[in-house]
J.: 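Take a look at this one; I'll ask things after.
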Amino acid sequence: MKDKIIGIVKAAIVAAHEKGELGSSEFPPIEIEVPKNADHGDFSTNAAMVSARIQKMAPRKIAEAIKANVVDSDGIISGVEIAGPGFINFSVEPSAWHPFIKAVHDRGNDYGSGSIGKGKKVQVEFVSANPTGPLHVGHGRGAAVGDTVARVLSYCGFDVEKEYYINDAGNQIQTLGLSVLLRFQELAGHTIDFPKDCYQGDYIKDIAGTIKLDELPGDVAGALSKDCTDGQYDSLAVEHCSRLAGEVILNGIRDDLSAFGVDFDVWFSEKSLFDDGRVDRSLADCQKKGIVYEKDGALWFKTSDFKDEKDRVVKRSDGNTTYFASDIAYHMDKFERGFDRVINVWGADHHGYVERMKAAVEASGVSRDRLDIILVKLVNLLRAGEPAAMSTRSGEFVPLKDVVDEVGRDAARFIFLTRHYESALDFDLELAKKKTNENPVFYVQYAHARVCSVEKKGKDTAVEVSENINPDLLTEAEEILLIKKMADFPDVVEYAAMNMEPHRVTFYLMELASCFHTYYNKHRALTDDPDLTAARLYLLSAVRIVIKNGLELLGVSAPESM
RNA sequence: GCGCCUGUAGCUCAGCUGGAUAGAGCAACGGACUUCUAAUCCGUAGGCCAGGGGUUCGAAUCCCUUCAGGCGCGCCA
């Protein structure tokens with residue numbers, strides 16, 4: 001519809017120019033928008049205002065010329081008005097909206113999908129929490145955002161791969177293994193002064209508790225039982241514990257995410273970058289390019305040449321590479337894998353890392369625009385308006401699993417997506433469980449269930465619903481509004497994809513649900529008139545399809561009854 | 001100290017690629033269930049878009065600045 005209006009406007013400008021009413025047939029990019037105020041018609045364009053400079057005429061004069069040359073060959077326009085400083089407002093015949101109902105039905109599950117992605121390869125990397133403890137609510141938000149961005153992009157025709165980067169290298173894993181070893185020794189009766197910099201959570205004790213010496217090879221068992229109260233740790237024992245803990249925790253993370261409806265295509269191991277020499281290779285590559293240099297016995301990356309505030313160490317003077325070095329190799333690898341675009345979803349506390357990462361990417365010869373970094377702000381967990389008591393179990397954070405167990409996956413995901421990712425989110429556990437209008441999840445799901453309920457009842461009436469209904473029976477203002485809203489859906493999805501803003505879809509669904517609830521309360525679908533009933537059922541089925549498609553993008557279920 | 005982000009109704013937030021009278025939900029107040037699910041709907045009220053400057057036909061939106069809050073500034077990960 002929008003495209004049609006744009007075409008009409010452009011044709012009118014050309015026609016006006018040919019008649020000499022306009023000085024030029026050129027036009028700057030013309031915007032057509034749906035006015036906020038319904039009095040301003042269905043569509044509005046600022047074409048006259050933005051053309052003022054080129055045409056060297058007053059905007060209202062230009063608008064007059066355009067208006068006079070509007071040719072409406074399809075007969076969809078019911079009115080053209082000039083208003084304000086030079087807006088041209090178009091009103092569309094209500095009947096012109098009717099074909100959209102059929103369009104929804106025809107495309108079904110694909111209604112709203114598109115092809116602007118042109119099959120371009122995009123990678124979305126998200127969560128990527130260190131496998132040193134269970135996921136907490138903050139990770140949950142990142143998971144919901146990342147997963148939905150991936151779904152939306154995929155729906156728009158991008159070839160999307162979801163990836164989890166496992167930080168299984170470096171000394172945090174050593175520390176993890178040591179933590180488990182010490183807890184194990186504690187359980188074995190040794191008196192241990194548990195270090196502060198070890199992982200404090202009870203899950204460490206749980207893992208230590210699963211170790212059964214008699215099931216292990218002799219040398220490992222021996223190493224584990226060796227007393228290390230003197231601070232002498234057997235590397236074999238630590239290594240065993242590291243591997244064990246890493247596995248257990250990663251499996252837990254996998255399960256938590258799966259229960260949250262998030263599945264990854266690739267689980268990428270940082271350790272693998274070392275094992276096959278990719279870190280060394282990428283460093284050597286950087287040296288060849290002259291973008292690293294030595295100073296004070298360490299190796300530095302010239303990130304400051306690429307807008308970062310200072311240079312960064314990639315290899316410490318003790319010979320160990322930094323996390324940054326792994327990340328450079330990792331990102332090289334991503335682009336070598338052929339992704340046109342790489343999207344990283346990070347916690348906002350990593351924002352200081354953005355510039356250096358982009359610098360590194362640019363320094364290695366890849367345009368920085370191909371790396372997008374979404375910074376997701378923190379989650380404040382509340383219970384009935386008060387800060388929720390921190391879980392004792394994991395120490396500092398409330399585990400994602402606890403939240404999902406308590407409020408359900410649908411509510412959790414939906415609420416995580418009710419805000420722009422850049423604003424801090426208050427997540428109220430009590431509110432998430434409420435089954436009222438305060439809780440937006442139920443509001444939208446309820447709309448879906450209501451449609452299903454009407455459809456079910458409709459089946460008993462023996463009215464035949466098909467695309468052969470008479471759309472002209474749908475003349476109520478609320479019906480036209482609903483159709484217009486549904487017609488918006490593809491644009492909303494596309495906008496959400498291009499701007500990586502999944503909350504657009506969430507807000508859209510709340511609006512659509514609102515249009516539906518209003519209509520539902522005012523007009524009955526099941527009437528004495530079979531033709532009218534059929535037409536309304538056909539309309540409502542379309543609404544159901546759109547809600548379902550939208551919820552699917554958010555990873556939220558669309559229940560048929562509630 | 002430097003950097004990034006945020007500041008919109010009593011509360012929680014949309015709107016920000018400049019457009020017309022700044023929108024929702026909650027809370028408040030008043031209404032609607034013999035009728036397809038009231039987990040809903042309708043109405044009323046509520047605003048110096050943090051403050052100040054600038055850019056222009058036009059600013060919540062762009063620029064500068066002040067204030068307030070969050071976060072980050074390691075040869076940690």
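Values below: every heavy atom of this structure, side chains too, minus hydrogens, waters and symmetry copies. If you're wondering where the values come from, they're calculated on a predicted model, not measured in any experiment.
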J.: Whole-Å distance between C33(B) C1' and Tyr520(A) OH?
T.: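 Rounding to the nearest Å, OH of Tyr520(A) and C1' of C33(B) are 11 Å apart.
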J.: Taking only the side-chain nitrogens and oxygens of Arg536(A), find out if one of them lies under 4.0 Å from OP1 or OP2 of C36(B).
T.: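 No.
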J.: Just to be sure I understand the rule, does Tyr495(A) reach a base, reach only the sugar-phosphate, or reach nothing, if contact means heavy atoms closer than 4.0 Å?
T.: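 Contact class for Tyr495(A): base.
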J.: Would you please confirm or rule out a distance under 4.0 Å between OP1 or OP2 of A14(B) and any side-chain N or O of Ser423(A)?
T.: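 For Ser423(A), the contact criterion (side-chain N or O under 4.0 Å from OP1 or OP2 of A14(B)) is met.
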J.: Is it the case that A77(B) (base atoms only) and Asp327(A) (side chain only) share a donor and an acceptor within less than 3.5 Å, ignoring hydrogens and angles?
T.: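 Counting by modelled atom types and ignoring angles, no donor-acceptor contact under 3.5 Å is found here.
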J.: Using the C1' atom as the point on both nucleotides, what is the distance between A45(B) and G1(B), in whole Å?
T.: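 So the two C1' atoms sit 48 Å from each other.
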J.: What closest approach, in Å, do Gln445(A) and Ser557(A) show between heavy atoms, and which atom pair accounts for it?
T.: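 Taking Gln445(A) first and Ser557(A) second, the nearest heavy atoms are NE2-O, 2.8 Å.
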J.: With heavy atoms under 4.0 Å as the rule, sort Ser561(A) into base, sugar-phosphate or nothing.
T.: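 Here Ser561(A) touches the bases of the nucleic acid.
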J.: Measure distances between side-chain N and O atoms of Thr322(A) and base N and O atoms of A77(B), and say whether any donor-acceptor pair falls under 3.5 Å.
T.: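 Counting by modelled atom types and ignoring angles, no donor-acceptor contact under 3.5 Å is found here.
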J.: Would you measure the distance from the C1' atom in G18(B) across to the matching atom in A59(B) and give it in whole Å?
T.: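 It works out to 6 Å between them.
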J.: Taking atom C1' of C33(B) as reference, at what distance in whole Å does atom NE2 of His517(A) sit?
T.: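 One finds 16 Å between C1' of C33(B) and NE2 of His517(A), rounded.
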J.: To the nearest Å, give me how far apart CE (Met510(A)) and P (G15(B)) are.
T.: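 About 11 Å, once rounded to whole Å.
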J.: What distance, rounded to whole Å, do you find between the two P atoms, one in G3(B) and one in U40(B)?
T.: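 Taking atom P in both G3(B) and U40(B), they lie 48 Å apart.
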J.: Using a 4.0 Å heavy-atom cut-off, does Arg504(A) contact any base of the nucleic acid, only the sugar-phosphate backbone, or nothing at all?
T.: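 The answer is sugar-phosphate, as Arg504(A) gets under 4.0 Å only of primed atoms, P, OP1 or OP2.
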J.: Could you please name the partner base of G58(B), counting Watson-Crick and G-U wobble pairs only when both distances are under 3.5 Å?
T.: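 Matched G58(B) with nothing under the 3.5 Å cut-off.
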J.: Would you say the side chain of Thr506(A) lies within less than 4.5 Å of the side chain of Thr148(A), judging by non-hydrogen atoms?
T.: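 Contact flag for Thr148(A)/Thr506(A) side chains = no.
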J.: Base, sugar-phosphate, or nothing for Asn89(A), non-hydrogen atoms under 4.0 angstrom?
T.: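 Result for Asn89(A) = base.
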J.: Does Ser317(A) get its side chain close enough to the base of C75(B), under 3.5 Å, for a donor-acceptor pair?
T.: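 Between C75(B) and Ser317(A), which were checked side chain against base, a qualifying N/O pair under 3.5 Å is present.
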J.: Report which part of the nucleic acid His40(A) touches: base, sugar-phosphate, or nothing (heavy-atom distance under 4.0 Å, all strands).
T.: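 Base contact.
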J.: Does Glu476(A) pair with Lys522(A) as a salt bridge, N-O distance under 4.0 Å?
T.: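 Salt bridge flag = no for Lys522(A) with Glu476(A).
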J.: Roughly, in whole Å, what's the span from NZ in Lys310(A) to P in C73(B)?
T.: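 Distance check: Lys310(A) NZ to C73(B) P gives 10 Å.
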J.: In whole Å, what is the span from the CG atom of Asn380(A) to the C1' atom of U12(B)?
T.: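 Those two atoms, CG and C1', are 12 Å apart.
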J.: In whole angstrom, what separates Glu422(A)'s CD from U12(B)'s P?
T.: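 So the CD-P distance, Glu422(A) to U12(B), works out to 19 Å.
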J.: G25(B) C1' sits how many Å from Asp426(A) CG, rounded?
T.: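 Atom-to-atom, Asp426(A) to G25(B), this comes out as 15 Å.
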J.: Is the cationic atom of Arg368(A) (NZ for Lys, CZ for Arg) positioned less than 6.0 Å from the six-membered ring centroid of Phe306(A) and within 45 degrees of its normal?
T.: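 No, cation not above the ring by the 6.0 Å, 45° rule.
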J.: When you measure only distances, ignoring hydrogens and angles, does the side chain of His351(A) come within 3.5 Å of the base of C5(B) through a donor and an acceptor?
T.: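 Under the 3.5 Å cut-off, the side chain and the base do not form any donor-acceptor pair.
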